[in-house]
Amino acid sequence: MTTLIALNADVLVTMDAQRREIQGGALVADGPAVQWVGPTAELPLHYRRMVDEGTARVLDMRGRVVLPGLVNTHHHMYQSLTRAVPAAQDAELFSWLTNLYMLWSHLTPEMVHVSTQTAMAELMLSGCTTTSDHLYLYPNGARLDDAIAAAQQMGMRFHAARGSMSLGKSKGGLPPDAVVEEEEAILRDSLRLIQQYHDASRHAMLRVVLAPCSPFSVTRKLMRESALLARAHGVSLHTHLAENDNDVAFSREKFGLTPAQYAESLGWVGPDVWHAHCVKLDPEGIALFARTGTGVAHCPCSNMRLASGIAPVRSMRDAGVPVGLGVDGSASNDGAHMLGEARQALLLQRVGHGPAAMGAREALEIATLGGARVLNRDDIGALAPGMSADFVAFDMSAVGFAGAGHDPVAALVFCTPANADTSVINGRVVIEHGRLLTADLPVVLGRHNALAKTLFEQAAAGH
């Protein structure tokens with residue numbers, strides 16, 4: 001792979017141990033890893049020769065802020081097919097799900113594949129380089145493999161979560177029986193996916209996660225056995241937890257436990273576990289998560305959209321809980337802009353706790369290093385020698401940044417969320433001058449919109 005050298009960044013945000021922000025910054029990547037970071041004026045002689053001789057790929061970052069690629073820790077990419085569904089526009093979590101489950105029961109393998117491409121394109125253009133996706137229903141022959149194939153085409157670093165639902169309405173769960181699976185089949189497929197796809201190596205582009213959907217859609221047995229299987233093979237665990245008041249009430253009524261106590265009783269705490277939302281995580285739960293290194297995917301836009309509440313992120317961070325950002329599914333956020341999500345995280349904490357509750361740089365740290373820690377990775381989230389060569393650049397000449405030159409790093413969060421001008425993932429340029437290079441986006445979107453129309457028509461016809 002050609003050596004890649006980025007030069008002349010107005011500011012290079014490293015997120016390294018010293019949190020350096022380098023004026024006139026540069027970095028060198030060779031293959032999947034960063035080799036050198038520092039001021040352009042101090043670029044080592046052998047790299048400068050490579051620039052002069054044309055033996056390296058050079059990116060001129062003049063006029064741009066460069067930062068580590070953003071990390072998305074929670075998504076349901078298939079939901080990009082069902083944005084702004086009228087029946088679910090004004091619903092809280094449980095009624096929102098009830099209105100959408102049967103629509104999603106008509107998903108096909110192609111729909112999973114194309115919606116993953118679309119969701120990843122949206123994320124990549126927003127500055128995201130690593131994402132997880134929680135796919136928890138598999139109708140009509142759909143498999144997680146369909147999403148994995150799309151991720152490999154898009155060139156995005158991917159944590160593919162093998163979600164599952166086994167507790168249908170007839171057994172006391174929330175989802176209709178038509179969209180749940182048998183637990184033995186879930187566990188067999190989980191093992192197959194780990195053996196076929198999981199890459200534990202440094203700079204891995206694909207990892208598998210086991211992710212029973214939620215306390216109200218799977219049994220305790222599946223939660224326990226998924227944890228045993230995951231730990232036997234060194235993969236992470238993910239689920240939804242304590243998302244709103246109804247979620248907490250369900251846990252207390254069914255199990256006699258708070259959501260955090262329920263998670264602990266099943267072995268679902270530790271640095272290899274992260275939970276989505278945790279809007280209603282109580283002080284005891286926060287202390288438990290901090291003590292065990294259990295992570296949280298904070299999804300501010302979705303939490304506001306569904307009126308779930310304000311997650312206690314300030315308290316979590318102060319206690320030492322690993323917190324990353326998640327855009328959540330595009331039917332409960334309707335957008336998937338990671339820089340915009342960082343902005344909303346800041347604004348929402350300030351609404352709840354005052355203007356000192358979160359600053360711009362902390363929001364960016366949560367979106368980078370925070371996400372890396374939640375995904376149990378030490379090779380992404382910062383730009384330093386030995387780290388993965390994942391970085392993005394934003395063009396500060398855009399109208400939305402006019403007048404913000406005195407602090408361009410803070411401007412990324414405070415100003416209108418911008419799309420990335422450049423993105424590099426694993427040492428490969430995937431966005432250049434604002435254009436996605438790994439897919440013919442108009443073709444993908446045309447097919448995506450046609451499939452979304454088909455999905456609605458099939459559901460309406462009851463087929």
Side-chain angles (χ1 to χ4, degrees), residues 74 76 93-94 97-98 101 104-105 132-139 142-144 159-196 198 207-243 246-278 280-281 285 288-289 292 294-297 376:
H74 186 63
H76 308 291
L93 175 64
F94 279 25
L97 282 168
T98 301
Y101 276 138
W104 295 333
S105 72
S132 179
D133 183 47
H134 190 186
L135 181 61
Y136 55 78
L137 72 172
Y138 299 89
R143 301 192 304 166
L144 189 60
H159 284 232
R162 204 303 180 183
S164 54
M165 297 194 298
S166 65
L167 194 64
K169 187 166 290 187
S170 66
K171 297 180 181 178
L174 187 68
D177 291 347
V179 296
V180 302
E181 299 175 271
E182 294 295 326
E183 294 191 350
E184 289 306 314
I186 291 167
L187 293 168
R188 280 197 307 273
D189 193 52
S190 297
L191 178 59
R192 176 189 69 83
L193 289 161
I194 293 169
Q195 292 174 335
Q196 185 170 345
H198 183 68
R207 289 187 179 169
V208 172
V209 178
L210 299 192
C213 184
S214 63
F216 48 83
S217 59
V218 299
T219 66
R220 293 194 218 201
K221 179 184 176 186
L222 183 61
M223 292 287 284
R224 288 194 189 96
E225 293 195 6
S226 294
L228 290 171
L229 180 62
R231 288 180 173 131
H233 294 275
V235 305
S236 291
L237 292 161
H238 181 51
T239 192
H240 299 85
L241 198 75
E243 187 167 352
N246 287 336
D247 194 345
V248 175
F250 181 95
S251 185
R252 287 189 177 278
E253 179 184 341
K254 294 290 184 181
F255 314 123
L257 301 168
T258 67
Q261 290 168 342
Y262 175 75
E264 183 180 28
S265 74
L266 299 170
W268 274 70
V269 292
D272 57 348
V273 182
W274 85 100
H275 297 280
H277 304 296
C278 295
K280 301 296 180 177
L281 195 65
L288 170 67
F289 280 26
T292 57
T294 306
V296 170
N376 205 20

Partners meeting side chain to side chain contact (heavy atoms under 4.5 Å, CB included) with [X] (sequence neighbours left out):
X      : answer
Leu281 : Ala260, Cys278, Ile286, Phe289, Met316
Thr292 : Val269, Leu288, Thr294
Arg220 : Arg224, Phe255, Tyr262, Leu266
Glu181 : Tyr138, Arg162, Ser164, Ile186

In sequence, state the C-alpha distance, the side-chain angles, and the governing distance for Ser217 and Leu174, and then conclude on side chain to side chain contact (heavy atoms under 4.5 Å, CB included).
CA-CA 6 Å; Ser217 59; Leu174 187 68; 5.8 Å; no

Distance-minimising heavy-atom pair for [X] and [Y]:
X      : Y      : result
Val180 : Pro175 : CG1-CG, 3.9 Å
Phe250 : Pro215 : CE2-O, 3.6 Å
Ala161 : Leu144 : O-CD1, 3.9 Å
Leu237 : Ser226 : CD2-O, 3.7 Å
Pro259 : Ser251 : N-OG, 3.6 Å

Using a 3.5 Å distance criterion without hydrogens, assess whether the side chain of [X] forms a donor-acceptor pair with backbone atoms of [Y].
X      : Y      : result
His76  : Tyr136 : no
His198 : Val208 : yes
Trp104 : Leu137 : no
Ser236 : Val209 : no
Asp177 : Lys169 : yes
Ser132 : His74  : no
Asn246 : Phe94  : no
Thr239 : Cys213 : yes

Roughly how far apart are [X] [atom1] and [Y] [atom2], rounded to 0.5 Å?
X      : Y      : atom1 : atom2 : answer
Leu241 : Trp268 : CG    : CH2   : 10.0 Å
His233 : Ile194 : NE2   : CD1   : 5.5 Å
His275 : Ser214 : NE2   : OG    : 12.5 Å
Lys171 : Ser166 : NZ    : OG    : 7.5 Å
Met165 : Phe216 : CE    : CZ    : 9.5 Å
Leu210 : Leu193 : CG    : CG    : 8.5 Å

So for atom CD, which belongs to Gln195, do other residues, nucleotides or ligands contribute more than 12 heavy atoms lying within a distance under 6.0 Å?
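Enclosed: over 12 neighbouring heavy atoms sit under 6.0 Å from CD of Gln195.
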
Partner set under salt bridge (charged side-chain N to carboxylate O under 4.0 Å, His left out) for Arg231, not counting sequence neighbours
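Counting only residues at least two positions away or on another chain, Arg231 forms a salt bridge (charged side-chain N to carboxylate O under 4.0 Å, His left out) with Asp272.
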
Intermediate values then yes/no, side chain to side chain contact (heavy atoms under 4.5 Å, CB included), Val218 and Met223
CA-CA 7 Å; Val218 299; Met223 292 287 284; 3.7 Å; yes

Quick one: do the His240 and His238 side chains pair a donor with an acceptor below 3.5 Å?
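No, His238 and His240 have no side-chain donor paired with an acceptor closer than 3.5 Å.
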
Going by the salt bridge (Lys or Arg N to Asp or Glu O under 4.0 Å) test, which pairs reach into residues 246-264, not counting sequence neighbours?
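Listed by first then second residue: nothing to list.
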
